[in-house]
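A quick write-up on the structure given underneath.
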2 protein chains.
Amino acid sequence: MVADIAAQVTNRTGIKVFPRDVLRVVGALGATDNFWRVASLVRLPFNAVAEILNSLTEAGVVVVEDGSLRVSPAGQAWVEAARTEAPFVARCRTCGGRGLDLGLFQELLAWLREIGRSRPAPIKEFDQGYVTPESTVARVALLAARGDLADKELLVLGDDDLVSLAAAFTRRPQRVVVLEVDPRLTRFIEEAARAYDLVVEVLEQDIRARWPEHLLHRFDTFLTDPPETLEGLDLFLGRGLASLKGPRCAGYFGLTFTECSLEKWQLLQRRLTGKFGVVITDIIANFNEYVNWDYLLDSVRKDLGFVQVPPAGNWYRSAMYRVEVVESVTGHTDSASNAELYVDREALAYTGRT
Amino acid sequence: MVADIAAQVTNRTGIKVFPRDVLRVVGALGATDNFWRVASLVRLPFNAVAEILNSLTEAGVVVVEDGSLRVSPAGQAWVEAARTEAPFVARCRTCGGRGLDLGLFQELLAWLREIGRSRPAPIKEFDQGYVTPESTVARVALLAARGDLADKELLVLGDDDLVSLAAAFTRRPQRVVVLEVDPRLTRFIEEAARAYDLVVEVLEQDIRARWPEHLLHRFDTFLTDPPETLEGLDLFLGRGLASLKGPRCAGYFGLTFTECSLEKWQLLQRRLTGKFGVVITDIIANFNEYVNWDYLLDSVRKDLGFVQVPPAGNWYRSAMYRVEVVESVTGHTDSASNAELYVDREALAYTGRT
């Protein structure tokens, strides 16, 4: 029966789902009745989680009441089978599981919280959604710990997380360049940089346009929070890599399980270590925690009652990747004006037939 | 001059060394005068660190007194240049940077410390060197957090770290099988398993022999601490992967920078995501901390005075990899009786001409 559900979900979503995934979802229902919390506990794309739960409700294993999920009396045998797949959260409470001591960055954290009060709200048009101030500070701490901050030239591709301001606030980088398409954000970053005398330069450059000479091989470090379609990853990471000077330079980016299947993770890892010529030095789980954004329920499928409920707390998280150039820099400099950056069938906003 | 040193070291060691690496080594001398501590602070193979320091002493930048390293008065300009490459350690002090809460495993930790008193000492013949009890417990916690422990069948390939006993002590795994070649260890593990009624089975199987049918596709999780030559990695990881049942099964292993260059990391990552068909889900820096072992100075090059000094505290660390099977399991089952497992030019024990 577990295998039947897995096969049905694979068939409906086009995303490979295995029996253990179904059990993980059932196991997660022992910890929460909120769909979004389930989605954050299992390492599966959003649509796979939604469809597993949909199939389980069709099979009478799970019932939905006022948008809340629970296992039905008839489904108790499933709970027993899923007992060993129950979520086990062993995240360090001091560092939130990131492994970093933010003690030296308390002033930065306070400042980010302060300026964050007047930041622009995320909008769907640019696939926005920003991380908590702790996540932004942790990124800066990670750069510092890996030798990618002090006296370095940083490039930030898309910056609703304000990591450019945070990095520059430490007074350690030589230069921070931000590419950002949203005029509300470019204005916000420019004003903050001016007010606090930070070495941040904002460029309004469309990332899809042919990559300009003046950005090629000029930076030591890049950061980005890419859209997670293969085209989006290719473009954002390819631009970042094309902008690095050479060996020992590094790139940082977040990647989720929620919008990126393990199959896509693997394709990306092949591309990174192959065509792009980098090595992956760190993958830190749950590093980036996103603040819930207003347009979520508007952007996701509306046919499932349990999906159309507000998340119980922040739920969207991504792993932090660090990659380092090994021999020489490659990247992606061609125009990609027709690239579909934001939506594939693993995206939150996917609304094709499932 | 920095570039000259880098080129010279590359030439002498066959390991790619860049100017920034040289500055990192100089920068590390601001934090310590102990060679082994320098080696643990920079992400470079042992021989590259040794040869960088050797070249710096030849150039008069670094002087050695009673085995201690310091920058000479003539080298002060180098210190200034290396200022931005100084080590910055921002490891969480609660979890040691692993990101895991070991609170639920205090009884296990105490038990490991207890039985560890009578464990066999590491010997050179089998490339041994075991991790701290905290590292072993952290491995078990990581398995639990990723769903790879409870009710699972575990395979441990080589186990001077006693991770088989630790996993079984939690009473969560269904079965733990250990392959170990050292009779002192097999006896120790068997006796402890009997005394504490643990589900551990010990097999005396040479990992180089053709992989037997009864180990193929039988396990949910494997753990190993492989030798870091390409042949050693291929063999240990290939055997582990060949033993996994299929998708969603996982493998865990440690990998250092000390005996494995970034070039080799990259080759391994290509192999993992290509031929071996897995995806890398976690790379956690400095996860495994090794207890200093007796034969260290006996096994490394004797021509450098600063190398022949005792380490100042534990210095040898490895990153923890978790890999997960994506579509289907591949692996390495052929006989490899002539494989050179332990020594290449990035190995600690490499004594060829440099």
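What you are looking at is a predicted structure, and each value in this text was computed from that prediction instead of being measured. Sequence lines set the chain letters: A, B, ... in the order given, protein chains first and strands last, and positions in each chain run from 1.
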> Any salt bridge (charged side-chain N to carboxylate O under 4.0 Å, His left out) pairs touching residues 273-287 of chain A, not counting sequence neighbours?
Replying inline: A:Arg146-A:Asp282, A:Asp234-A:Lys275

> What are the two closest heavy atoms between A:Lys16 and B:Arg248, and how far apart are they?
Replying inline: O-NH2, 3.7 Å

> Heavy-atom distance under 4.5 Å to chain B: side chain of A:Arg20, backbone, both or neither?
Replying inline: side chain

> Which bit of B:Leu104 is near chain A, if near means a heavy-atom gap under 4.5 Å: side chain, backbone, both or neither?
Replying inline: side chain

> What distance do B:Arg43 atom CZ and A:Thr281 atom OG1 have between them, rounded to the nearest 0.5 Å?
Replying inline: 6.0 Å

> Do you know which of B:Leu149, B:Leu100, B:Ile283 has the most heavy-atom pairs under 4.5 Å to chain A?
Replying inline: B:Ile283

> Looking only at heavy atoms, which of residues 85-94 of chain B get nearer than 4.5 Å to chain A?
Replying inline: B:Glu85, B:Phe88, B:Ala90, B:Arg91, B:Cys92, B:Arg93, B:Thr94

> Counting heavy-atom pairs under 4.5 Å to chain A, which of B:Ala141, B:Pro247, B:Ala319 comes out on top?
Replying inline: B:Pro247

> Atom CD1 of B:Ile280 and atom CG of A:Leu268: how far apart are they, to the nearest 0.5 Å?
Replying inline: 10.5 Å

>> Nearest 0.5 angstrom please: B:Arg271 CZ to A:Thr273 OG1, how far?
In response: 12.0 Å

>> Is it true that, when you exclude A:Glu107 itself, more than 12 heavy atoms of the residues, nucleotides or ligands shown sit nearer than 6.0 Å to its CD?
In response: no

> Using a cut-off of under 4.5 Å for heavy-atom pairs, which of B:Gly147, B:Ala144, B:Ala285 has the most such pairs with chain A?
Replying inline: B:Ala144

> Looking at residues at least two apart in the chain, or sitting in another chain, which of them share a ring-ring contact (aromatic ring centres under 6.0 Å, His included) with B:Phe253?
Replying inline: B:Tyr321

>> For chain A, which candidate among B:Lys152, B:Arg322, B:Arg98, B:Gln269 shows the most heavy-atom pairs at distances under 4.5 Å?
In response: B:Gln269

> chain B heavy atoms under 4.5 Å from A:Asp21: which part of the residue, side chain, backbone, both or neither?
Replying inline: side chain

>> Just to be sure I understand the criterion: a residue of residues 259-266 of chain B counts if one of its heavy atoms is under 4.5 Å from a heavy atom of chain A. Which ones qualify?
In response: B:Leu262, B:Glu263, B:Trp265, B:Gln266

